[in-house]
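To start, the structure itself, in structure tokens.
Naming convention: chains lettered A, B, ... in sequence-line order (proteins, then strands); numbering from 1 in each chain. Just the heavy atoms: all of them, side chains too, but no hydrogens, waters or symmetry mates, feed the values below. All figures in this text were calculated on a predicted structure; none of them were measured in a lab.
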2 protein chains.
Amino acid sequence: MEMDQSCPGKVEPILEILDSKWMILLLFELFNGNRRFGELRRRLHPISPKTLTDRLRLLEEKGLVTRTLYPGVPLHVEYDLTAAGKGLQPIFAAMWTWTQEYGAYLRKDSDKAEEEGEKVM
Amino acid sequence: MEMDQSCPGKVEPILEILDSKWMILLLFELFNGNRRFGELRRRLHPISPKTLTDRLRLLEEKGLVTRTLYPGVPLHVEYDLTAAGKGLQPIFAAMWTWTQEYGAYLRKDSDKAEEEGEKVM
DNA sequence: CGGCATCCCACTAGATACTG
DNA sequence: CAGTATCTAGTGGGATGCCG
């Protein structure tokens, strides 16, 4: 892979999907086979129903999940990842790997007190 | 890699970094060896100086870049990726791969007109 | 159960002008 | 050159209540 100038633009479309609150956690849940609205809502607690709907709609629009309605009372709806949706997995795997390798060194806000001095050459 | 329940929480720290406007494009620029403030600003045009500063400060706080000041007039500052920063590359590589494989199928907003009917079982 | 409609607020980031 | 200061606008997301 080349990290040349053309790269950023090409990757931007995926950012529209990932760059919103809850989205990545939501995708994790879908990967884990949690496909119903209420189930997702519980696992992502305290997400609001509006936000969850918004996210699922975006994934639907982008062709990453399908929405299947099983009529009846009570209502039953399932969200399934498409091939493109499942194809996101390596990205998450890479995030997971990074976290294991470097996550421990991540400074937290609570560490801010001990400001690092800037380097001066 | 297991996509079990514990996964999402562990990956969240990295989201604090990536989930803000410009951040991913900024990291691309840093990967490409563009390390000076003005240079980054031009390449990320029309980013505002305030926003660029905010992003660089966050990366600094999290230990992903170092800031080096070369005194003199005119001022000269360089931002360099740390090992942890460079370690993010596989994540971007995975995004790049996904884009090549599935990006073409991504629906754009302009396609919304041709609404897909929902599946009903 | 699985939503949608409405209202509202907090926060983000852009614009602009100025400085060491 | 590399920022800071200030102000404002826009939006994302939460709360709440109703509906098929």
Side-chain angles (χ1 to χ4, degrees), chain A residues 12 15-27 29-30 34-62 65-80 109 115-121, chain B residues 12 15-27 29-30 33-62 65-80 109 112 115-121:
Chain A
E12 268 184 287
L15 301 187
E16 292 176 32
I17 300 166
L18 300 182
D19 268 18
S20 52
K21 194 173 178 185
W22 298 109
M23 187 57 99
I24 296 188
L25 296 178
L26 171 57
L27 285 167
E29 294 304 328
L30 292 169
N34 300 318
R35 321 195 299 188
R36 300 194 50 179
F37 190 89
E39 196 175 6
L40 294 167
R41 187 177 171 185
R42 276 189 300 279
R43 304 202 76 96
L44 297 181
H45 183 269
I47 193 175
S48 71
K50 169 179 171 295
T51 304
L52 180 52
T53 300
D54 288 349
R55 294 300 168 277
L56 288 167
R57 287 292 173 275
L58 178 62
L59 290 177
E60 219 186 329
E61 277 171 22
K62 298 294 183 179
V65 302
T66 58
R67 179 178 184 276
T68 308
L69 170 66
Y70 299 84
V73 177
L75 234 51
H76 180 157
V77 177
E78 281 193 7
Y79 295 91
D80 296 273
D109 294 339
E115 254 346 289
E116 78 269 24
E118 66 178 7
K119 234 186 295 177
V120 180
M121 306 295 279
Chain B
E12 267 184 286
L15 301 186
E16 293 175 35
I17 300 166
L18 300 182
D19 269 17
S20 52
K21 195 171 176 185
W22 297 109
M23 188 57 98
I24 296 187
L25 296 178
L26 170 57
L27 285 167
E29 293 304 328
L30 291 169
N34 300 318
R35 322 196 297 189
R36 300 193 52 179
F37 190 90
E39 197 176 5
L40 294 168
R41 187 177 172 185
R42 277 189 300 279
R43 303 202 77 97
L44 298 180
H45 183 269
I47 193 173
S48 71
K50 170 181 170 297
T51 303
L52 180 52
T53 299
D54 288 350
R55 293 301 166 278
L56 288 168
R57 289 291 175 274
L58 178 61
L59 291 177
E60 220 186 329
E61 277 171 23
K62 297 297 184 180
V65 302
T66 58
R67 179 178 184 275
T68 307
L69 169 65
Y70 299 85
V73 177
L75 234 51
H76 180 157
V77 176
E78 282 193 5
Y79 295 90
D80 295 272
D109 295 340
K112 275 192 194 169
E115 256 344 291
E116 78 269 25
E118 65 177 10
K119 234 185 296 178
V120 180
M121 307 292 281

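Atom-to-atom distance recorded for B:Leu58:CG and B:Thr53:OG1 is 12.5 Å, nearest 0.5 angstrom. In this structure, A:Leu59 CG and A:Tyr79 OH are separated by 10.0 Å, a value rounded to the nearest 0.5 Å. The CD1 atom of A:Ile47 lies 9.0 Å from the CG atom of A:Asp54; values are rounded to the nearest 0.5 Å. In this structure, the separation between CD on B:Glu29 and CD on B:Glu39 is 8.5 Å, given to the nearest 0.5 Å.
Between the C1' atom of D:dA2 and the CG atom of B:Asp54 lies a distance of 14 Å, rounded to the nearest Å. Taking atom NE2 of residue B:His76 and atom C1' of nucleotide D:dC1, one finds them 10 Å apart after rounding to whole Å. For the pair A:Phe37 CZ and D:dG20 C1', the interatomic distance rounds to 15 Å; values are reported in whole Å. Rounded to whole angstrom, the span from the CG atom of B:Leu52 across to the C1' atom of C:dA13 amounts to 12 Å. Taking atom CG on B:Leu69 and atom C1' on D:dA2, their separation rounds to 10 Å, with Å as the unit. When rounded to the nearest whole Å, the span between CD1 of B:Ile47 and P of D:dA2 equals 15 Å. Here C:dG14 presents its C1' atom at 12 Å from NE2 of B:His45, a figure rounded to the nearest Å. Going from atom CG of A:Leu58 over to atom P of D:dG12 covers 11 Å, rounded to whole Å.
Across D:dA2, C:dA17, C:dG3, the shortest atom-to-atom separation from the side chain of B:Val77 is found for D:dA2. Side-chain proximity of B:Arg55 to the nucleotides D:dC1, C:dA13, C:dG3 is greatest for C:dA13. With D:dC1, C:dG14, D:dG20 as the choices, the nucleotide that has an atom nearest any side-chain atom of A:Leu75 turns out to be D:dG20. When distances run from any side-chain atom of B:Ser48 to the nucleotides C:dG2, C:dA15, C:dC4, the shortest one goes to C:dA15.
Applying the 3.5 Å distance criterion, the base of C:dA13 shares no donor-acceptor pair with the side chain of B:Lys21.
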Please report the C-alpha distance between B:Leu26 and B:Leu52 in whole Å, then the side-chain angles of each, then the deciding distance to 0.1 Å, and finally whether the side-chain contact (heavy atoms from CB on, under 4.5 Å) criterion is met. CA-CA 8 Å; B:Leu26 170 57; B:Leu52 180 52; 4.1 Å; yes
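Here A:Tyr70 lies out of heavy-atom contact (under 4.0 Å) with every strand. Residue contacts for B:Arg41: at a heavy-atom cut-off of 4.0 Å it reaches no nucleic acid atom on any strand shown.
The side chain of B:Thr51 places an N or O atom within less than 4.0 Å of a non-bridging phosphate oxygen (OP1 or OP2) of C:dG14. Side-chain N/O atoms of A:Arg67 include one lying less than 4.0 angstrom from OP1 or OP2 on C:dG3. For the pair B:Trp22 and C:dT12, the criterion of a side-chain N or O lying under 4.0 Å from OP1 or OP2 is not met. Proximity of B:Arg57 to the phosphate of D:dT4: a side-chain N or O atom is located under 4.0 Å from OP1 or OP2.
Residue order along DNA chain D, read from the 5' end via each residue's closest nucleotide, puts B:Glu39 first among B:Lys50 and B:Glu39.
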